[in-house]
Amino acid sequence: MESALEWNDEVREGVLKRLKLWQQCSKKPAAALVTELVEHLNTLGIALPSPELGELLVSQTCFDNNHPWMWKFTHHALSSRLLFPLQILSLLASNAIPHRHSHPHSFALFLPLLSQYAFSFHPTPSLSCNRKIVSSVDSALRISEIYKVRDLEIGHVFVLFFYEIVISLLDCMLIDWGFQVTFSEKSSLVAAGKGEDCMDIDRNVTQNFEKSEYREQIRKRNSFTALEVLERLTESRKATILLQSVLLNMPEKFNCLQQRLQFLESLELASSELKLVNQVLTKVSANMRGVSHFDYSLSKHRLVGTLINMGSCKIPLKCNYRFCQSPCWVPFDIYMENAMDSRQIPTKSAIDVLTEGIKTLQMLNQASWQETFLALWLSALRLVQRERDPPEGPIPHLVARLCVLLCIVPLAIANVLRDASEHNLSSLQASMESEYTHETKSDDSVKRELMSSVQVLGHFSGLLCPPTLVIDAANQAARKAASFIYNSMNAKGESGTGIHANANTKAGGNLRHLIVEACIARNLMDTSVYFWPGYVSTSVLSLSDSSPPEKSPWSMFMEGTPLNNTLINSLTMTPASSLAEIEKLYYIALNGSDVERPAAAKILCGASLGHGWYIQEHVIHHVIKLLASPLPPSHAGSRSLLVDNMPMLCAVLRGASSVDTVHILSLHGVVPTVAAALLPLCEAFGSIKPTSNSTGDESSTTYMAFSLAFLFLIRLWKFCRPPLDLCITELGVAVGGLEYILSLHNHRVMYSQDKRKSNPNLPESASVKPVYIDSFPKLRALYCQYKSCVASALSGISTGNSIHQTGNMILSMIYQKITKVGISSSNSSSPTSSNACSSLINSVEDAFQRPMLPAWEVLEALPFVLESILTACAHGRISSRELTTGLRDLVDFLPASLAAIIDYFSSEVTRGVWKLVPMNGTDWPSPAALLPSIELEIKAILTHVGVEVPNCSSGGSPVMLPLPMAALVSLSITFKLDKSLEYMHAITGAALENCASGCPWPSMPIIGSLWAQKVRRWHNFIVVSGSRSVFRQNNESVAQLLRSCFTSFLGTLSVSTSKLTSECGVNGLLGSTITAPGAYPYVSPGFLFLRSCRNIHNVQYVNDIIVGLVTEYSNELAGRRSDAGSRHIKSNESSLSLAAQSAKEVATLGASLLCAAGGMLLVQELYKETIPTWLLSSRDVKKNNDSVASYILEGYAMAYLLILSGSIIWGVGTKLPPGTFSRRSRTIEVHLDFLAEVMEKKISVSCNPITWKTYVCCFVGFIVSLAPVWIQEVRVDTLKKLALGLSRWNEHEIALSLLHRGGLAAMGALAELVTVIESERMLPSSLSNLY
């Protein structure tokens, strides 16, 4: 309550008179006088304790007013809570410590008060009173100035006051004992820290007392007393908590204390007096080291601590890999397999994702780096082996998987090593000792564990067998190692048989040899690994071949051999082995002759880009540079510069637009950069008007160059279909469109420029300028037209409009085989009733030549042309065959028109206004020959994975498709299966599947049957693709598939004969091969889910299913781990550990599948909606095991599901993009706010109280132990509420840990909580178990 009367001069004078009077003549005890003063101040209405009274008493206690009675009075006033101890001790310290030499009595009287009241911290409800105390202490100790803390709170002041006192007492002792100390920072309270002038004054004053032996004895005794006080203070549990707060939140300040400890431990106390304090010094040092040597684990003597501190997932090194892999590493496998889905082109580098994933799983699984790297390598090897016998189709195959194993994974590991090195460097610069950092290891140590993990791979021979594609490369790597060993032996003069790198030698190479070469190429290990036992087989070393090795085509190229056809073909088929070769090739592509430049570009985009795993990142960099800066410096002439570079650019675009190459580019995360480089090419080539009617060299025509660039761009932004977590606003734009990809590119450019400013030695990126769509008016106009066509039907155009005229010319070309009478004989009536389209048809002329127009003008008119011809077909004015022929002629004329056809037809299929047409073989192609078998095989696949679907067979009814869909699929099957046309097949296939989502269920089997009839070898691929359609809108099928995923990975909950349980684990979930051998192309449930999940319309439903399955499995696990007839988990620790480990595996699978299905969107939904709803809802479902154990494991599993899913998406570190960082902080804060509201009883949960308590304790414990960075993103008020609630449950360790990790802002809340716990005598009994 605020005082009725403010403290003023009149009150002050009255109190001062009383004090002086009592000091002179009163014989009453000091305690009685304190009581009398309290009564007097109460009469005046002065609120007590009073900061002003404290300042008055201290002013009468020191220096000239120094009197023992006043010290005694102050002591009783403190014990009566008339004063604030924090304020009094701060004011006294600012006087007594600096002048301890001139006033040793004051210092001697101050030390007992400090010892008794240092930890007395009792904030008042009065904010104004607390502010006065903060101001008083800050003016005395200069805390805000020294510690750079803004907005000081009383809790901050208390923590930093105690730390300053500890530092000051240490400095006092060392200086008073005569040691010359030079620390980086000195205490502000010690005279030595205030400059030489102050010390001189103090020494001059002390000259007057040197004759007083008594005073000298007091000064000597004070230093020993200070040491004893320091010992008592630092042995306090509260002291450890406060100092740990400084360590965690101000490590550079805590380093000052560390320096003093090191100095104390190095002292050689020679004098007999000083030797007596050695024992006390040892205790003080041990107390301080106790602060540094804490770990982050919670008490293992409590249930929650046992659950949170599950041991690391140890991997047996000498077992068959099928049985030794722990399920806790399955996120690696699921991410890698999910990244192989070519329909999704991620905008984030797989290198960055894996870098964060490696660090996250290493932390969450509490594993060593060797275990982490080994699990990573095994996951990548399984990824490659899964492709041994894949269904052939227009999708990325083994090349992309090998890219992950031999390029993406090594680069991610290199990033981990770099981050470890930077962390160690920053720690060194801050003089942070490794002994009080959490598992800090040097980069050399991490590198040794990496090498050990690769060496251990030799135990997994089943995974190391190389696919046919890389057998030669593996043998070459083995021969290289053998040659190195041979040369090394000869250099040392040792006897040994010779070995040359002869291609005919059977070297017995395997995938480990390729992994080693990939690591050596990136300086992750050195050639000493060649000497590992068994790395090179004895048979290879014993072979002797004196024939010289065959000369590499790249060696011939580097020696200056001209680029003839033979050498070009050899270089295109053979990957480069060094960066120098790539740089020379790049120089020729920019500056060579007209013949050399396209040849060099073709070579660069050949095997070096697809198979050059050791230097692939450098090849990609140079390919992008060719696209971004194609102008040679020696160019001269008046024609467009880009036209002169057209042959070279076409070679780059053809090579880079293959299915495998685009996927490799996406894995490297360069999609935004490539898109930015394509924009100026599209704008320029699309604006050029062809000069003749002759096609000439097709690869060099303007239309072809434009089409290659434009269709490439379309693939990157339209058909990439980003995951659902990107269907939100980020970086100020709607995610998923062209603007979003450009915004990603521009943010990377700005980030790169900022890094170059801070470090000019960094290499310049391929594209160093931001790119905006407004800079390309033609492209922007077409992009806006596309968006408007998707949103609504076409609007009419007036006769005589330029688009109308262009449309007439295009229709003239399309209808050159159709008589004019046949076109105009019927009325123009269409589903959209477009007068413009009718006008276009009726004004067709008999000009049978192809129009020479800029590509942009053609594309602008195409939607209206397409509506015209589709309307004509719908009303019988042209036949279906004529429509297909016209569309194909249009694509032949301008391949880029395929994008307009897809856009228009897809939009019309979605609108659903066109009639269905019979696929009967007369009007439209018939799928009847293969449709029954395709439908049967699709159903067999679904049945194999435990999904029951209604009969999808069309039966006796005619097979029908919407007219636009029929036209699109008919057009698609006219394309030749030529590798040079992959750039067209890629977007056509994606368009057909996207269109099918807007049609009834049988549409995919129909489309698949038509394509299977065209390409027999694609049969299995088509069947597997068709099986995905059922999951688009059928929630029950999604639920069944997810249940099968859990069953195949974890086993069934009951006795079952299902084939899904024949092989559990990763191979059961994803399969050891993509399709199992047999009559039908069976696939594993996890593989089918990963290929289907991103097309599920109601993807939020996945959250509910996964949460339900995690709950169900956790409940069953508790029953398996309980004693018969008991409601409790077996009491021994191993049983609890096994039960919790199994629940952790369940949650790990759930989190991995959830993140794959919906990414950030689903994780945010999980935090904000799904888990709170799960806690608020009462579950009436009958349980098989209704026990305490089941409720405990439910809460534990759900907490781990939440922490792991968040860690996978956001990571556990601080290096995040701005948008991701803000979403992480908001999402976590919303969930913790919900928990705090429940703990304050503002919201009631309906789940079992045991489940609720276990969930909260485990979730908070996981954050504290595994993701402490998240805590600093949450408001202190929320943390404080949670901590108080946990304390009420006697979970003091978790509560204190939470505030400890809350950053500088939570320091005050920590001090208050410690006081609350202490006052209720609930402080944990052992501070060693605090974390």
Side-chain angles (χ1 to χ4, degrees), residues 1-96 103 105-141 154 157-158 161 1315 1319:
M1 181 182 295
E2 298 291 338
S3 60
L5 178 65
E6 294 293 336
W7 183 278
N8 52 35
D9 291 341
E10 182 179 352
V11 175
R12 183 181 186 280
E13 290 300 324
V15 173
L16 187 57
K17 288 180 180 179
R18 286 174 178 268
L19 291 175
K20 290 182 177 179
L21 179 62
W22 291 339
Q23 181 178 340
Q24 293 173 1
C25 58
S26 177
K27 295 183 180 180
K28 293 182 179 180
L33 297 176
V34 168
T35 304
E36 186 176 332
L37 181 59
V38 170
E39 293 174 352
H40 170 69
L41 293 175
N42 286 337
T43 302
L44 297 177
I46 302 296
L48 298 175
S50 170
E52 293 84 358
L53 177 61
E55 291 184 351
L56 176 61
L57 284 180
V58 173
S59 68
Q60 299 301 309
T61 304
C62 299
F63 303 123
D64 295 337
N65 298 320
N66 188 17
H67 193 282
W69 179 88
M70 188 58 68
W71 284 93
K72 185 180 294 187
F73 185 87
T74 302
H75 171 75
H76 285 286
L78 285 170
S79 62
S80 302
R81 295 201 175 183
L82 183 63
L83 306 173
F84 292 99
L86 172 61
Q87 179 197 22
I88 298 302
L89 292 178
S90 299
L91 294 173
L92 289 174
S94 65
N95 289 286
H103 297 277
H105 289 89
S106 296
F107 190 53
L109 293 170
F110 164 73
L111 290 174
L113 286 179
L114 177 64
S115 177
Q116 184 171 354
Y117 295 106
F119 295 120
S120 297
F121 177 60
H122 306 289
T124 70
S126 172
L127 295 179
S128 61
C129 185
N130 285 337
R131 281 195 293 268
K132 291 177 182 177
I133 297 172
V134 170
S135 177
S136 178
V137 175
D138 189 34
S139 62
L141 304 181
I154 193 166
V157 171
F158 175 63
F161 152 78
T1315 301
S1319 64

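Predicted model, so just to flag it, every value in this text is computed and none were measured. All heavy atoms count here, side chains included; hydrogens, waters and symmetry mates do not.
For the pair V38/N42, a side-chain contact is recorded, criterion being any heavy-atom separation below 4.5 Å from C-beta on. At a threshold of 4.5 Å between non-hydrogen side-chain atoms, the residues V15 and L41 count as touching. The side-chain heavy atoms of L111 and F107, taken from C-beta on, include a pair separated by under 4.5 Å.
Q87 places no side-chain N or O within 3.5 Å of a backbone atom of I133 that could act as its donor or acceptor partner. A donor-acceptor distance shorter than 3.5 angstrom exists from the side chain of T35 to the backbone of A31, with no hydrogens or angles considered. Checking side-chain atoms of S115 against main-chain N and O of P112 turns up no donor-acceptor pair under 3.5 Å. T61 places a side-chain N or O within donor-acceptor distance of the main-chain N or O of L57, the cut-off being under 3.5 Å.
The aromatic rings of W22 and F73 lie tilted to each other, with the angle between the two planes from 30° to 60°.
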### Task
Dump the intermediate steps for side chain to side chain contact (heavy atoms under 4.5 Å, CB included) on F84 and S50, then the final yes or no.
CA-CA 7 Å; F84 292 99; S50 170; 5.9 Å; no
### Task
Apply side chain to side chain contact (heavy atoms under 4.5 Å, CB included) to L86 and I154, showing your working.
CA-CA 9 Å; L86 172 61; I154 193 166; 4.2 Å; yes
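When every heavy atom of S59 is checked against every heavy atom of R12, the shortest pair comes out as OG-NH2, 4.5 Å.
Note that CG of L109 and NE2 of H75 are 11.5 Å apart. Values are rounded to the nearest 0.5 Å.
Residues satisfying the side chain to side chain contact (heavy atoms under 4.5 Å, CB included) test with D138, not counting sequence neighbours, are I143, S144, L152.
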